Amino acid sequence: MKIIVCIKQVPDTNEVTIDPDTNTLVRTGIPVIINPDDKSGIEAALTLRGKIPGSTVTVVSMGPPQAEMALREALSMGCDDAVLISGRQFGGSDTLATSTIIAAALKKIGFDLIFTGRQAIDGDTAQVGPQIAEHLGIPQVSYVEEITPETDSLVVLRQFEDRYHRLRVKLPCLLTAIKDLAEPRFMTVEGIVDADEKQIRIMDYEALSDVLDPKTIGLKGSPTNVVRSFTKEPKSQGAVLKGLTADEAVDAIMARLHESHLV
Amino acid sequence: MSKNVFVICEQRSGILQPVSFELLGEASSLAKDLNQRVVAVLLGDNIASHAEELIHYGADEVIVVDNPTLKEYLTEPYAKAITAVIKAKDAEIVLFGATSIGRDLAPRISARIKTGLTADCTGLNIDPDTKLLMMTRPAFGGNLMAVIRCKDHRPQMATVRPGVMQPMEKDTERTGSVENFEVALSEADKTVELLEVIPKSKTVADITQAKCLISGGRGLGKAENFKILRELAEVLDAEVSASRAAVDAGWIDKERQVGQTGKTVRPELYLACGISGAIQHVAGMENANLVIAINKSETAPIFGVSDLGVVGDLHVIVPKLREAIIKAKSAGIDYKAPSVEQYVGLENVLYHVQNGIAYLTINRPNQLNALNRKTLTEIGSVADKLMNDESVKVLIVRGAGGRAFVAGADIKEMQELTPEEGKELSAFAQQVFSKLKALPQIVIAAINGYALGGGNELAMACDIRVASSRAKFGQPEVNLGLIPGFTGTQRLSRLVGDGDSKRMIFTTEMLSAEEALRIGLVNVVVPPEGLMRTTRDMALKIMSKSMISVKLAKRSINEGLPLEFQQGLLVENDCWTKCFEESGDGKEGMTAFVEKRQAKFS
C-alpha cells in the first residue's frame with residue numbers, strides 16, 4: 001500500500017509574540033516545526049506500514065525550499081521518501097489553489113491512502129485536506145482518532161463534538177488526523193543518518209505544468225485574498241490584588257460578584 | 001445574478017444546534033445590508049417540522065431537503081445535496097457553522113464549486129462600497145486577525161465559529177416560506193459505510209451556553225483538584241471548563257476546553273483558576289462579561305485580561321469562596337438577581353455600573369431599539385439619576401442586539417398625533433437629549449449598527465461617538481413627511497456644517513461609518529468586534545485623568561459652543577479659574593509634574 005502523508009512546516013504559534021511598540025507580529029526568530037496534527041499523521045502512517053507488508057510511506061510538503069527541514073525530520077522518523085512541492089508560481093495560493101497544486105502532485109506520485117493533519121496551527125483552516133480529496137474524487141474522513149486496516153478498506157473512528165462514527169472506507173481515500181490518533185515517535189540516530197542519505201524529490205511548476213491550469217494556482221488563482229490584517233487590541237486590565245489573606249481575597253471576589261449581581 | 005444569504009443549518013439527531021440560530025441572526029444583518037433575503041437550508045430525515053422555528057429566528061425562506069440518506073451526517077450525501085441547492089438557487093453568500101461537521105463539509109463543497117472559503121470566521125460584514133462580504137478570522141493561534149474577501153467567485157462561503165454571533169430573539173409572529181427541495185440521493189451516494197454511531201459516554205454540558213464558567217488550568221496540579229471547582233460551580237449554578245494544559249494533562253474532558261483549539265465562550269462570569277492565560281486561551285474567553293482570575297504568579301498574562309485579579313493560592317481561596325457564597329445565599333437575600341441591574345420602572349433600557357463606568361443600553365432589539373415615549377422617559381430618568389451620582393465618571397450609551405444602535409423613533413406611536421401633541425413630543429425629546437448632553441459625566445456613544453433619525457440624534461447628544469465599521473447613519477425624516485425634531489436640525493448642522501447636514505437630511509441617504517468619520521459625525525471607527533473594548537478603554541483613559549478638569553473642560557466647550565467667540569472665552573476663563581481653586585486639581589497636577597511623580601487627583 002502506498003501511503004502519502006501531507007505535512008506543513010509552521011511557525012510554532014506558542015512562541016509567536018506581539019511587538020508591544022508597533023503592535024505587530026514578530027516574525028523573526030520564531031522556531032518552525034512540523035504541524036502537530038500532521039505529525040500524528042506521520043506516526044499513524046508508519047504504524048500502518050508496520051501492519052501491512054509491502055507498504056511505503058511518502059511524505060509530501062508544499063512550501064518554500066526551507067520546508068526541506070520538515071521533510072528531513074519526517075524521513076528521520078522513518079518515512080521512506082519525500083517530495084517537496086515548491087515553486088515561485090505557487091506563492092500566494094489560498095486553500096483552494098494549494099489543494100489544487102497538491103492534488104496534481106499526488107496524481108503524479110500515486111497513492112492508496114493519504115493522510116493530512118486536521119488543521120495547521122498557523123492558519124487553523126482545516127480546509128486543504130477535504131479539498132484535496134474532492135479534487136482527487138476520493139472519499140474523505142476528517143477528525144480520525146483510530147484506524148483498523150482490512151483487506152482493501154479501513155475501519156476508522158471519526159470524532160465529533162458529541163459522538164463518534166465508526167466508518168468503513170474503501171481505498172483509495174483521504175484521512176485527516178487529529179492529535180489523539182497517534183503519539184509521534186522521536187527521530188532515531190539511525191533514522192537521522194538514513195535520512196541524510198535520502199534524496200528529496202523536488203516538484204516545481206514545470207514538473208506539474210501538464211496537469212495544472214495556471215489560472216487556478218498562486219495569487220491569481222486564489223478566490224480569496226487577505227484585504228488587511230491587524231493585531232487584536234488587548235483587553236484593558238483590571239485591578240490585580242496581591243498580598244491579601246485568603247479571607248480578604250474572598251471578600252474582594254464577593255464584592256465583584258455582588259456588583260455584577262452574580263450572587 | 002446570484003443573490004441571498006444562505007445558512008446551512010446544522011441538526012444532530014433531529015435537534016437544531018445553537019450555531020444555526022447564531023448564523024441566522026448574523027445572516028439577517030448581512031441580508032439587510034444587501035437588501036436580500038435569508039435562506040435557511042435544512043437537511044435531514046423527517047426534519048421538515050423544524051422549518052417554522054428557523055423562520056422564527058430570522059429565516060425568510062427555508063429550503064428543506066428531506067431524505068432518509070441524510071439521517072446521520074455523512075460527507076458525500078450532504079455535499080451533494082447542498083451543492084445542488086447552491087447551484088439551483090445561485091446563492092450570493094453561504095454560511096456554515098465551524099463545527100466538526102461544517103469544517104468537513106464546507107471545504108469539500110468549495111472545491112466542488114471552485115469558489116473561495118474562509119474558515120472559522122469571528123466577524124462578518126458587508127463592505128458598503130463593493131457590497132462584498134468581509135470575513136474576519138483569527139490566524140497564528142489568535143495572534144493576528146485577518147480580513148478576507150472573495151471578490152470574483154460565487155457564492156462567498158464562510159464557516160463561522162460557534163458561540164460568537166448573536167441569535168435574534170425568537171419571534172413567533174415572523175412569517176416566511178418553506179420549500180421542499182428534491183435531491184436524488186441513494187445508498188450509492190454513501191462513499192463510506194456507517195457501521196456505528198457511538199454517543200460520547202459522558203453527557204458533557206455545553207460550556208458555550210453556560211452563564212457562569214469556573215475554569216481550571218495547570219495550576220490545579222492534578223485531576224482530583226477539579227473537585228473544588230465542581231463544588232464551587234454547583235453553588236454558583238456554573239459549569240466547569242478548562243485550559244488546554246489541563247485537558248492535555250488528561251484531567252478533564254476535551255469538550256470543556258476553552259480557547260483557540262477548544263471552544264469560544266462568553267459567559268457573564270469567567271473565573272480563571274490557575275490558568276496562566278496564553279494568547280490561545282484568551283482568544284476563547286476574552287468576550288466574557290466579567291473575568292476574575294486567581295493565580296499564584298503575579299506575572300501571569302491572564303491578569304492582563306481580567307477585570308479583577310487575585311494573586312494567591314486557589315486551593316485555599318476557592319473553597320473559602322464557596323463557603324462565602326453559601327453564607328450569602330442563606331442570609332435570606334434574593335440572590336437570583338439578574339446579571340444586569342434593572343431600576344424599578346425601567347423596561348426599555350438597561351442600566352448598570354461597572355468600575356465607575358455606567359452603561360445605558362437601549363433594549364428593544366426586536367424593534368431595532370426604536371425610541372418610543374416610554375424609552376425616552378427612561379433615558380431621562382437615568383440622566384436624572386446620574387446628575388447627582390458622583391461615583392459614575394463616564395456613561396456609555398449603546399443599543400442592544402447586533403443590528404442597531406437606535407433605528408429611529410417609534411413611527412406607530414406618532415402616526416395619529418395632533419399638532420399640539422407633536423409639538424409636545426418634540427419638546428420632550430429635546431429636553432431629554434439636552435439633559436444627556438449637560439450631564440457632569442462624560443457620555444460616549446458606542447454605535448454598533450443603525451443610528452437613524454432619533455438614533456442619530458441620540459448619538460449626537462453624547463460627547464464622543466465611537467462607531468463600528470458596520471454602523472450606518474441617516475436622518476430619514478423627510479421620507480415620512482417630517483423633519484428631524486429631536487434636536488437633529490440644530491445639532492447636526494453645528495456638528496458637520498451646513499452642507500453635509502442638509503445633504504443628509506434632504507436626500508435621506510445613509511452614511512457608512514467611514515463617511516460619517518470623514519465629515520466629523522463620528523470620532524472613531526473600529527472593527528465591529530473591537531467596539532466595546534475601544535469605548536471602554538477610552539472611558540478608562542479619561543478616568544485616569546483629573547476628572548475635575550475633564551468635567552470643567554466639558555462645561556467650557558458645551559457652554560461656549562453656542563456663544564460668540566469672545567463670550568466663549570469668558571466661559572473658558574471662568575472654568576480655568578476653578579482649576580486653581582481649593583476644589584480644583586491644578587495644584588496637585590502641577591506639583592506632581594514638577595516633582596516627577598504620578599499625580600493623585602481627587
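Residue numbering restarts at 1 for every chain, and letters A, B, ... go by the order of the sequence lines. Because the structure is predicted, anything quoted here is derived from the model rather than measured.
Among H165(A), R118(A), K179(A), the residue with the largest count of heavy-atom pairs under 4.5 Å with chain B is H165(A). Residue with the most contacts toward chain A among E196(B), R103(B), R108(B), K254(B): R108(B) (heavy-atom pairs, distance under 4.5 Å). Options D124(A), D251(A), V169(A) differ in how many heavy-atom pairs under 4.5 Å they form with chain B, and the most are formed by D124(A). Counting heavy-atom pairs closer than 4.5 Å to chain A, the top residue among S110(B), G312(B), A98(B) is S110(B). Counting heavy-atom pairs closer than 4.5 Å to chain B, the top residue among R228(A), R158(A), Q131(A), R168(A) is R168(A).
When heavy atoms are compared at a cutoff of 4.5 Å, R137(B) approaches chain A solely by way of its side chain, counted from C-beta outward. Using a 4.5 Å cut-off between heavy atoms, T75(B) touches chain A through its side chain atoms alone. Neither the backbone nor the side chain of M135(B) comes within less than 4.5 Å of any heavy atom in chain A. When heavy atoms are compared at a cutoff of 4.5 Å, I138(A) approaches chain B solely by way of its backbone atoms N, CA, C and O. D248(B) touches chain A through its side chain: at least one heavy atom from C-beta onward sits under 4.5 Å away, while N, CA, C and O do not. With a 4.5 angstrom heavy-atom cutoff, Y143(A) touches chain B only via side-chain atoms. Residue contact with chain B, scored on non-hydrogen atoms closer than 4.5 Å, is absent for V128(A). With a 4.5 angstrom heavy-atom cutoff, Q156(B) does not touch chain A via any of its atoms. Looking at I253(A), the atoms closer than 4.5 Å to chain B (heavy atoms on both sides) sit in the backbone and in the side chain alike. Contacts of K114(B) with chain A are made by both backbone and side-chain atoms, with heavy-atom separations under 4.5 Å. Looking at I294(B), only its side chain comes within 4.5 Å of chain A, counting heavy atoms on both sides. The contact between L194(B) and chain A is made by backbone and side chain atoms together, counting heavy-atom distances below 4.5 Å.
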Where do Q159(A) and S100(B) land on the side chain to side chain donor-acceptor pair (under 3.5 Å) test, with the steps shown first? CA-CA 8 Å; Q159(A) 191 190 72; S100(B) 66; over 6 Å; no
Would you check, one step at a time, whether the test side chain to side chain contact (heavy atoms under 4.5 Å, CB included) holds for H153(B) with L96(A)? CA-CA 12 Å; H153(B) 293 67; L96(A) 187 67; 5.8 Å; no
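With rounding to the nearest 0.5 angstrom, the CG atom of D152(B) is 9.0 Å from the CG atom of N225(A). Rounding to the nearest 0.5 Å gives a distance of 12.0 Å between CG of L133(B) and OG1 of T224(A). Rounding to the nearest 0.5 angstrom, the gap separating the OG1 atom in T125(A) from the CG atom in L117(B) is 8.0 Å. Once rounded to the nearest 0.5 Å, the distance linking CG of D247(A) with CG of L321(B) reads 11.0 Å.
Counting only heavy atoms from C-beta outward, the side chains of I198(B) and L157(A) approach each other to under 4.5 Å. Inter-residue side-chain proximity for R163(A) and E72(B) is flagged as met; some heavy-atom pair is nearer than 4.5 Å. Proximity of F230(A) to V147(B): side-chain heavy atoms (C-beta onward) are separated by under 4.5 Å at one or more points. Under the 4.5 Å side-chain criterion, counting only non-hydrogen atoms from C-beta, D206(B) is not in contact with D162(A).
The salt bridge (charged side-chain N to carboxylate O under 4.0 Å, His left out) check on R149(B) picks up nothing, with sequence neighbours excluded. Every residue two or more places apart in sequence or in another chain was checked for a side chain to side chain donor-acceptor pair (under 3.5 Å) with T136(B), and none qualifies.
Formation of a donor-acceptor pair under 3.5 Å by the Q119(A) side chain with backbone atoms of T261(B) is not found in this model. Within the 3.5 Å criterion, the main-chain N or O of E255(B) finds no donor-acceptor partner in the side chain of E161(A).
Contact between A126(A) and P107(B) at its shortest, heavy atoms only, is O-CG, 4.1 Å. A324(B) and M254(A) make their closest contact through O-CE, 3.7 Å (heavy atoms, listed as atom of the first residue, atom of the second, distance). Scanning both residues, E134(A) and A111(B), for their nearest heavy atoms gives CG-CB, 3.6 Å.
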